[in-house]
There are 2 protein chains.
Amino acid sequence: MHKRILIVEDETSIREMIAFALRKAGMDAMQAADARAAQLAIVEQVPDLILLDWMLPGTSGLELARRLRKEELSREIPIIMLTARGEEMDRVNGLEAGVDDYVVKPFSTRELIARIKAVLRRSQGDDGSGMVELGGLRIDGPAHRVFAGDEAVPIGPTEYRLLYFFITHPERVYSRTQLLDHVWGGSVYVEERTVDVHIRRLRKTLEPWKLDDMVQTVRGTGYRFSISA
Amino acid sequence: MHKRILIVEDETSIREMIAFALRKAGMDAMQAADARAAQLAIVEQVPDLILLDWMLPGTSGLELARRLRKEELSREIPIIMLTARGEEMDRVNGLEAGVDDYVVKPFSTRELIARIKAVLRRSQGDDGSGMVELGGLRIDGPAHRVFAGDEAVPIGPTEYRLLYFFITHPERVYSRTQLLDHVWGGSVYVEERTVDVHIRRLRKTLEPWKLDDMVQTVRGTGYRFSISA
DNA sequence: TGTGATTGTCATCGACGCGTAACATTGATG
DNA sequence: CATCAATGTTACGCGTCGATGACAATCACA
């Protein structure tokens with residue numbers, strides 16, 4: 001699940017540097033030197049996120065951002081603006097244009113990567129409020145509560161942690177050992193079969209809302225949390 | 001109704017960026033580069049909320065938070081911690097110092113604004129008159145009185161402060177330590193178990209109005225004040 | 001200074017959740 | 001279809017945590 005990032009930046013050296021950093025971070029880098037090239041690239045292959053230089057020859061970055069927000073195809077794509085110091089204060093209609101974040105030059109690639117990840121995380125349902133929602137289930141982290149629809153689900157500590165782990169790591173199989181490491185913590189030793197029992201208990205607490213089939217058994221491997229039955 | 005936000009952060013560029021985003025969002029931004037400047041700024045003009053960098057030259061953010069919690073003037077001001085590479089340690093310590101929320105760097109300005117609004121909203125059924133209302137309970141801050149419907153509720157000082165904190169911070173779990181910090185103040189040392197007793201007393205005073213189930217136990221974690229049973 | 005209210009601490013009791021074993025069921029493999 | 005392995009299900013004992021009531025110290029106010 002490599003993320004595709006489109007870099008729109010006229011200076012080749014900067015573009016290459018960013019592309020290199022992205023690839024090292026396990027992302028796919030697409031490149032464009034101006035607004036026209038960017039739009040073509042997007043049509044050809046829709047990226048997961050766009051890095052947009054503020055200053056571009058011809059159509060400015062801000063203008064391009066506005067345009068992308070109007071197109072159906074590109075409306076939902078998160079945009080991170082790259083601005084030089086000083087440019088921030090005057091022309092920062094960027095936020096109004098629907099830019100998700102902006103990074104001030106010069107930046108470290110490390111910081112840039114971190115920002116990208118933060119924005120991607122947020123565009124995937126994590127709005128930073130500590131709320132996680134998936135398939136009719138909602139977990140309110142700060143409140144330490146679980147809701148099915150708007151009904152509160154009574155749940156014990158361990159089942160809560162287990163469910164929390166599952167809902168933040170859905171659609172993937174985890175072995176009993178992995179679940180023990182993540183949910184119980186590596187320092188304690190308990191039988192692997194104990195996981196089975198807690199899976200059972202979790203299913204039972206979800207049963208009244210017919211959500212117990214989100215917890216799925218993968219025979220010979222472990223368990224998976226998934227939306228689809 | 002512009003909210004005043006104090007930014008305590010030593011890095012000028014970050015501070016400026018945040019300040020700009022805040023103004024854009026219709027808030028007034030005050031700035032301070034270290035703990036000393038922060039305290040002076042607070043005395044001069046009390047902010048509605050404080051953004052506090054974890055790492056500060058001289059007095060650390062954590063230490064400053066503790067100090068602010070002890071001062072009468074700043075006890076009630078919500079604090080949002082800005083932490084780099086937020087590890088578990090940071091979170092725990094920060095929350096124990098009576099911090100209201102924390103945001104991990106790097107964050108997008110949009111995320112930060114969202115958090116600020118959330119915290120302000122939470123600590124603000126308060127419309128300025130000092131009246132707070134929630135789920136059939138009403139607190140008259142200036143008068144130091146509590147009403148259930150229109151009946152006055154007889155309540156002692158500590159239970160009053162506990163209830164006041166709860167009603168201004170509903171739908172969220174607080175550990176005993178956190179409650180001690182927020183309600184008792186960081187300067188006194190009392191046993192954690194004492195919280196249990198006052199929870200009990202608070203429940204007993206609310207019982208005649210069947211509101212005692214708003215005070216909820218979260219086993220292994222702490223207590224929560226909530227509308228829904 | 002006296003009296004009632006308030007507060008913090010402690011000991012005790014009970015409830016709850018947890019881990020484990022024992023047994024039942026299902027699935028795979030030949 | 002026989003057999004073994006993997007998982008589902010249930011019951012039980014133990015330990016931990018929270019609830020509760022009692023008590024002594026302190027505070028506020030007459």
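Excluded from the calculations below are hydrogen atoms, water molecules and symmetry mates; all remaining heavy atoms, backbone and side chain alike, are included. Since this is a predicted model, take the numbers as computed values, not measurements. Chain naming here is simple, since letters A, B, ... match the order of the sequence lines and numbering starts at 1 in each.
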Novice: Rounded to whole Å, please give me the gap between CZ in B:R219 and C1' in C:dG17.
Specialist: 6 Å
Novice: Does the plane of the ring in B:Y174 sit parallel, tilted or perpendicular to the ring in B:H169? Use 30° and 60° as the thresholds.
Specialist: perpendicular
Novice: Could you give the OH-to-P distance, from A:Y189 to C:dC18, as a whole number of Å?
Specialist: 19 Å
Novice: Both B:E159 and A:T158 contact DNA chain C. Taking the nearest nucleotide for each, which residue is further toward the 5' end?
Specialist: B:E159
Novice: Could you tell me how far apart B:D212 (CG) and D:dA19 (P) are, to the nearest whole angstrom?
Specialist: 12 Å
Novice: Round to a whole Å and report the spacing from CZ of A:R161 to P of C:dG17.
Specialist: 13 Å
Novice: Output yes when at least one side-chain N/O atom of B:R176 is less than 4.0 Å from OP1 or OP2 of D:dG18, else no.
Specialist: yes
Novice: Should the ring pair A:F166 and A:F225 be called parallel, tilted or perpendicular, given that the plane angle runs from 0 to 90° and is split at 30 and 60?
Specialist: parallel
Novice: Quick check on contacts: within residues 197-204 of chain A, what sits under 4.0 Å from DNA chain C by heavy-atom distance?
Specialist: A:V197, A:H198, A:R201
Novice: Calculate the interatomic distance between A:E192 atom CD and D:dT7 atom P; express it in whole Å.
Specialist: 10 Å
Novice: Take the protein atom CG of B:L180 and the nucleotide atom C1' of C:dG8, then report the distance between them rounded to whole Å.
Specialist: 11 Å
Novice: Mapping A:W184 and B:T194 onto DNA chain C by nearest heavy atom, which one lands closer to the 5' end?
Specialist: B:T194
Novice: Specify the residue among A:T221 and B:V218 whose closest nucleotide of DNA chain D lies further upstream toward the 5′ end.
Specialist: A:T221
Novice: Give one of base, sugar-phosphate or nothing for A:Y223, where a contact means two heavy atoms less than 4.0 Å apart.
Specialist: sugar-phosphate
Novice: Please state whether the phosphate of D:dG18, meaning OP1 or OP2, lies under 4.0 angstrom from any side-chain nitrogen or oxygen of B:R193.
Specialist: yes
Novice: Within less than 4.0 Å of OP1 or OP2 of D:dG18, is there a side-chain N or O belonging to B:T217?
Specialist: no
Novice: Shortest non-hydrogen contact from A:G136 to A:L211?
Specialist: O-CD1, 4.5 Å
Novice: Write down the distance between CG (A:D196) and P (D:dG8), rounded to a whole number of angstrom.
Specialist: 6 Å
Novice: For the CD atom on A:E44, are there more than 12 heavy atoms of other groups (residues, nucleotides or ligands in this structure) within a distance under 6.0 Å?
Specialist: no
Novice: Figure out the CD/C1' separation between B:E191 and D:dG18, and round it to whole Å.
Specialist: 15 Å
Novice: Any idea which heavy atoms bring B:A33 and B:L56 closest together, and the distance?
Specialist: O-CD2, 4.0 Å
Novice: Of the non-hydrogen atoms in B:M214 and B:L134, which two are nearest, and what is the gap between them?
Specialist: CE-O, 4.0 Å
Novice: Taking B:R161 for its side chain and B:V183 for its backbone only, find out whether a donor-acceptor pair lies under 3.5 Å.
Specialist: yes
